[in-house]
Colleague: 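Let me give you the structure first, and then I'll get to my questions.
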Amino acid sequence: MVKSKELTVGKVADRSGVKVSTLHFYEEKGLIHSWRNQGNQRRYHPHVLRRISVIKAAQKMGISLASIKEAFESLPDGRTPNADDWAKLSRTWHKELTERIAYMERLRDSLTGCIGCGCLSMKNCPIYNEDDKLKSNGPGAVLLEGLNKC
């Protein structure tokens with residue numbers, strides 16, 4: 001018999017709108033926690049639903065699971081975020097999102113400039129890397145990180 005303050009994995013999945021496999025994944029990543037009953041079945045405290053809500057909301061905003069985990073770890077005794085915690089977390093994530101939006105806008109503007117200049121000529125394009133001169137700057141499209149324009 002399930003105690004009233006315990007939720008089965010199926011009940012948590014149903015109430016939170018995520019798949020059981022997602023709950024297992026969140027648990028593997030240390031975002032939520034369960035315990036095993038005498039029949040070796042997972043059980044969750046009801047407050048896990050709020051944690052899952054925070055995870056889902058943060059993910060919709062583009063916040064990484066690593067950042068969510070870091071935020072949860074900053075809470076005293078690993079408790080579930082309350083309204084004050086959410087305000088603090090959202091301020092932190094607001095800054096992160098603002099920086100990401102600014103980066104994406106610079107990237108978008110760089111791409112527009114690149115396409116507009118006819119960079120297919122390979123003479124003016126900042127991405128063109130004759131003789132692999134950019135190797136010393138690291139792997140990948142390193143000039144895109146600097147967001148240089150043609």
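Both backbone and side-chain heavy atoms feed into the values below; hydrogens, waters and symmetry mates do not.
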Colleague: Using every non-hydrogen atom in the two residues, find where L75 and T80 come nearest and quote the distance to one decimal.
Modeller: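 That would be CD1-C, 4.2 Å.
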Colleague: Under the 3.5 angstrom rule, does the side chain of S67 hit a backbone N or O of S64 as a donor-acceptor pair?
Modeller: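 No.
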Colleague: Suppose the criterion is ring-ring contact (aromatic ring centres under 6.0 Å, His included): which pairs have a residue in residues 46-67, not counting sequence neighbours?
Modeller: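 Every pair satisfying ring-ring contact (aromatic ring centres under 6.0 Å, His included) with a residue in residues 46-67: H45-H47.
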Colleague: Quick one: salt bridge (Lys or Arg N to Asp or Glu O under 4.0 Å) partners of K69, sequence neighbours excluded?
Modeller: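 Expected list: E73.
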Colleague: What closest approach, in Å, do P46 and K5 show between heavy atoms, and which atom pair accounts for it?
Modeller: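 Looks like CD-O, 3.0 Å.
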Colleague: Does some side-chain heavy atom of K88 sit less than 4.5 Å from a side-chain heavy atom of D84?
Modeller: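 No; the side chains remain at least 4.5 Å from each other.
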Colleague: Who are the side chain to side chain contact (heavy atoms under 4.5 Å, CB included) partners of K19, not counting sequence neighbours?
Modeller: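 Per chain and number, K19 pairs via side chain to side chain contact (heavy atoms under 4.5 Å, CB included) with S21, T22.
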Colleague: For Q41, give me all partners under side chain to side chain contact (heavy atoms under 4.5 Å, CB included), at least two apart in sequence or on another chain.
Modeller: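 Counting only residues at least two positions away or on another chain, Q41 forms a side chain to side chain contact (heavy atoms under 4.5 Å, CB included) with N37, R43.
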Colleague: Can you list the residues that meet the salt bridge (Lys or Arg N to Asp or Glu O under 4.0 Å) rule with R15, with sequence neighbours excluded?
Modeller: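 Partners of R15 by the salt bridge (Lys or Arg N to Asp or Glu O under 4.0 Å) criterion come out as none, since no residue qualifies.
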Colleague: So do the side chains of L23 and Y44 get within less than 4.5 Å of each other, counting heavy atoms only?
Modeller: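 A side-chain contact under 4.5 Å exists here.
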Colleague: If hydrophobic clusters are built by linking Ile, Leu, Val, Met, Phe, Trp and Tyr wherever their side-chain heavy atoms come under 4.5 Å apart, do I101 and I63 end up in the same one?
Modeller: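 As far as the 4.5 Å side-chain criterion goes, I63 and I101 are not connected within one cluster.
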Colleague: Who pairs with H33 by side chain to side chain contact (heavy atoms under 4.5 Å, CB included), at least two apart in sequence or on another chain?
Modeller: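 Checked H33 against side chain to side chain contact (heavy atoms under 4.5 Å, CB included); zero matches.
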Colleague: H24: what forms a ring pair (Phe, Tyr, Trp, His ring centres under 6.0 Å) with it, not counting sequence neighbours?
Modeller: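 Ring pair (Phe, Tyr, Trp, His ring centres under 6.0 Å) list for H24, sorted by chain: empty.
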Colleague: Any pair with a residue in residues 66-85 that passes ring-ring contact (aromatic ring centres under 6.0 Å, His included), sequence neighbours left out, goes on the list, sorted by first then second residue, please.
Modeller: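 Residue pairs with at least one partner in residues 66-85: there are none.
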Colleague: Among all residues two or more places apart in sequence or in another chain, which pass the salt bridge (Lys or Arg N to Asp or Glu O under 4.0 Å) test with R79?
Modeller: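 Partners of R79 under the salt bridge (Lys or Arg N to Asp or Glu O under 4.0 Å) test: D85.
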Colleague: Under 4.5 Å between any side-chain heavy atoms of I55 and L65, yes or no?
Modeller: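 Yes, close enough: below the 4.5 Å cut-off.
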Colleague: Between A71 and S74, which heavy-atom pair has the shortest distance, and what is it?
Modeller: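 Nearest pair, atom of A71 first, then S74: O-OG, 2.6 Å.
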Colleague: Using the side-chain contact (heavy atoms from CB on, under 4.5 Å) rule, take V12 and T8 through it: C-alpha gap first, then chi angles, then the decisive distance, then the call.
Modeller: CA-CA 6 Å; V12 172; T8 65; over 6 Å; no
Colleague: Who pairs with E70 by salt bridge (Lys or Arg N to Asp or Glu O under 4.0 Å), at least two apart in sequence or on another chain?
Modeller: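 With sequence neighbours excluded, E70 shows a salt bridge (Lys or Arg N to Asp or Glu O under 4.0 Å) to no residue whatsoever.
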Colleague: Please list, chain by chain and in numerical order, all residues satisfying side-chain hydrogen bond (donor to acceptor under 3.5 Å, both in side chains) with Q59, sequence neighbours excluded.
Modeller: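 Result, side-chain hydrogen bond (donor to acceptor under 3.5 Å, both in side chains) vs Q59: Y26.
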Colleague: Evaluate side-chain contact (heavy atoms from CB on, under 4.5 Å) for E6 paired with W35, printing each intermediate quantity in order.
Modeller: CA-CA 10 Å; E6 296 178 358; W35 72 92; 3.4 Å; yes
Colleague: Once ring-ring contact (aromatic ring centres under 6.0 Å, His included) is applied, what residue pairs with a partner in residues 78-98 remain, sequence neighbours excluded?
Modeller: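 Listed once each, the pairs are W86-W93.
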